[in-house]
Number of protein chains: 2
Amino acid sequence: MTSTEGMGLERVSTERTPLRPTRQRTAVAEALASVDDFRSAQDIHDLLSRAATPVGLATVYRTLNALVEAGEVDMLRTEDGEAIYRRCSETHHHHLVCRSCGATIEVEGPAVERWTTAIAAEHGYSEVSHALEIFGTCGSCQR
Amino acid sequence: MTSTEGMGLERVSTERTPLRPTRQRTAVAEALASVDDFRSAQDIHDLLSRAATPVGLATVYRTLNALVEAGEVDMLRTEDGEAIYRRCSETHHHHLVCRSCGATIEVEGPAVERWTTAIAAEHGYSEVSHALEIFGTCGSCQR
DNA sequence: CGCTGTTTGACAATCATTCTCAATCGAGCG
DNA sequence: CGCTCGATTGAGAATGATTGTCAAACAGCG
Ligand SMILES: [Zn+2]
Ligand SMILES: [Zn+2]
Ligand SMILES: [Zn+2]
Ligand SMILES: [Zn+2]
């Protein structure tokens, strides 16, 4: 929660080529940390050009993907297929997203986890993973 | 299950502008009926040009979207954001998809339905909907 | 300082999807 | 039938997100 601290950017990808914590990579991480809902790569890019830390669009995409790989951020797709990103907790969870303002809440559901693996096994599927998002209208957007 | 019978294309969209069952619209519906896994719009288009019933790409997209609107087909997105479509049962369900060959199984989970609405209500979200897909490697693709 | 592998970013290239719009179709009508 | 008019089609252009290119800028190191 301390801005960039603990984001683990300094040690992204414990395997492979250890990424170097450059100015632009930090900037992207900070931008993500400064908002609490999902944003598109272009949003982040705009946000950074508006501020005093311009970062090339290509770099924003590269960094975002690296962060997703590293499990530092969650990525999901809007109705029309655009990728949106959000800084999330490291543990497995799902999202309750406001369809109107984008307010996001992380939720956990052991029952769901159990159910999906059970169903998959039941049908002989292995290496199971799943994607679950809940959409609705949040309290503030209601009235 | 009887090829095109009961696909409801003849009465798509009971509201709005009642769509006319044209040659190309029927062709797309049949193409979808002939496969049992998810296919991209381009796949359908190729499939139709290969056969003796060419249908313009734009029309394929238009028809597919119409069918989705009408709730006749399910659409979901691949990892890289491409839209894929599948003829499905009318009732609410989820998908267990083979990551390798695409084999799809429709599954139901009352528990999940209950959980999502409960969680949403708990956080003051209304007009709740959700998206859940399960991915894995099917039995045949295992060995 | 020079050397070398990494990172960047302006710009071009991809690619799925949508838009345009003139040509074609088809159901109802005289 | 043959005509009319809105619905439909499709070739090709346009859009827009994402990725690829590659030369220039950088960073750690001897
Ligand atoms: Zn809201
Ligand atoms: Zn889960
Ligand atoms: Zn389905
Ligand atoms: Zn399979």
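- Nearest to the side chain of Glu82(A), among dT17(C), dA17(D), dT9(D), sits dA17(D).
- His45(B) places its NE2 atom 15 Å from the P atom of dT18(C), with the value rounded to the nearest Å.
- For Asn65(A) and dT18(D), the shortest distance from a side-chain N or O to OP1 or OP2 is not below 4.0 Å.
- Listed by chain and residue number, nothing satisfies the salt bridge (charged side-chain N to carboxylate O under 4.0 Å, His left out) test with Glu113(A) (two or more places apart in sequence, or in another chain).
- Across the protein-nucleic acid pair, Asp80(B) atom CG and dA17(D) atom C1' stand 12 Å apart, rounded to whole Å.
- Proximity note for Ala83(B) (side chain, C-beta onward) versus dT18(D), dT17(C), dG10(D): the nearest is dT17(C).
- If Tyr85(A) and Leu57(B) are placed on DNA chain D by their nearest nucleotide, the residue sitting closer to the 5' end is Leu57(B).
- In this structure, CG of Asp46(B) is placed 10 Å from P of dA16(C), rounded to the nearest angstrom.
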Check: protein-nucleotides 19-26 of chain C nitrogen or oxygen pairs below 3.5 Å:
from, atom 1, to, atom 2, distance (Å)
dG26(C), O4', Arg20(B), NH1, 3.3

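- Taking atom CZ of residue Arg23(A) and atom C1' of nucleotide dG9(C), one finds them 11 Å apart after rounding to whole Å.
- Hydrophobic cluster membership of Leu96(A), counting Ile, Leu, Val, Met, Phe, Trp and Tyr whose side-chain heavy atoms lie under 4.5 Å apart directly or via other members: Ile105(A), Val107(A), Val112(A), Trp115(A), Ile119(A), Tyr125(A), Val128(A), Leu132(A), Ile134(A), Leu96(B), Ile105(B), Val107(B), Val112(B), Trp115(B), Ile119(B), Tyr125(B), Val128(B), Leu132(B), Ile134(B).
- Of the candidate nucleotides dT18(D), dG9(C), dT17(C), dG9(C) has the atom nearest to the side chain of Gln24(A).
- Hydrophobic cluster membership for Leu57(B): Tyr61(B) (Ile, Leu, Val, Met, Phe, Trp, Tyr linked by side-chain heavy atoms under 4.5 Å, directly or transitively).
- Every residue meeting the side-chain contact (heavy atoms from CB on, under 4.5 Å) condition with Glu108(A), not counting sequence neighbours, appears here in chain and number order: His93(A).
- Base contact: Gln42(A) has a heavy atom under 4.0 Å from a base atom.
- Closest contact between the side chain of Val55(B) and the listed nucleotides dG10(D), dT8(C), dT18(D) involves dG10(D).
- A side-chain donor from one of Ser126(A) and Gln142(B) sits under 3.5 Å from a side-chain acceptor of the other.
- Side chain of Thr59(A), nearest nucleotide from dT8(C), dT9(D), dA16(C): dT8(C).
- As a whole-Å value, the separation of Leu64(B) CG from dG10(D) C1' is 16 Å.
- Screening residues 94-107 of chain A for salt bridge (charged side-chain N to carboxylate O under 4.0 Å, His left out) gives Arg86(A)-Glu106(A) as the qualifying pairs, with residues at least two apart or on separate chains.
- At whole-Å resolution of the value, OH in Tyr61(B) and C1' in dC15(C) are 9 Å apart.
- Atoms CD1 (Ile44(B)) and C1' (dG10(D)) sit 18 Å apart, rounded to a whole Å.
- The CZ-P distance, from Arg77(B) to dC15(C), rounds to 18 Å in whole Å.
- The backbone N or O of Glu127(B) lies less than 3.5 Å from no partner atom in the side chain of Ser129(B), so there is not a single donor-acceptor pair.
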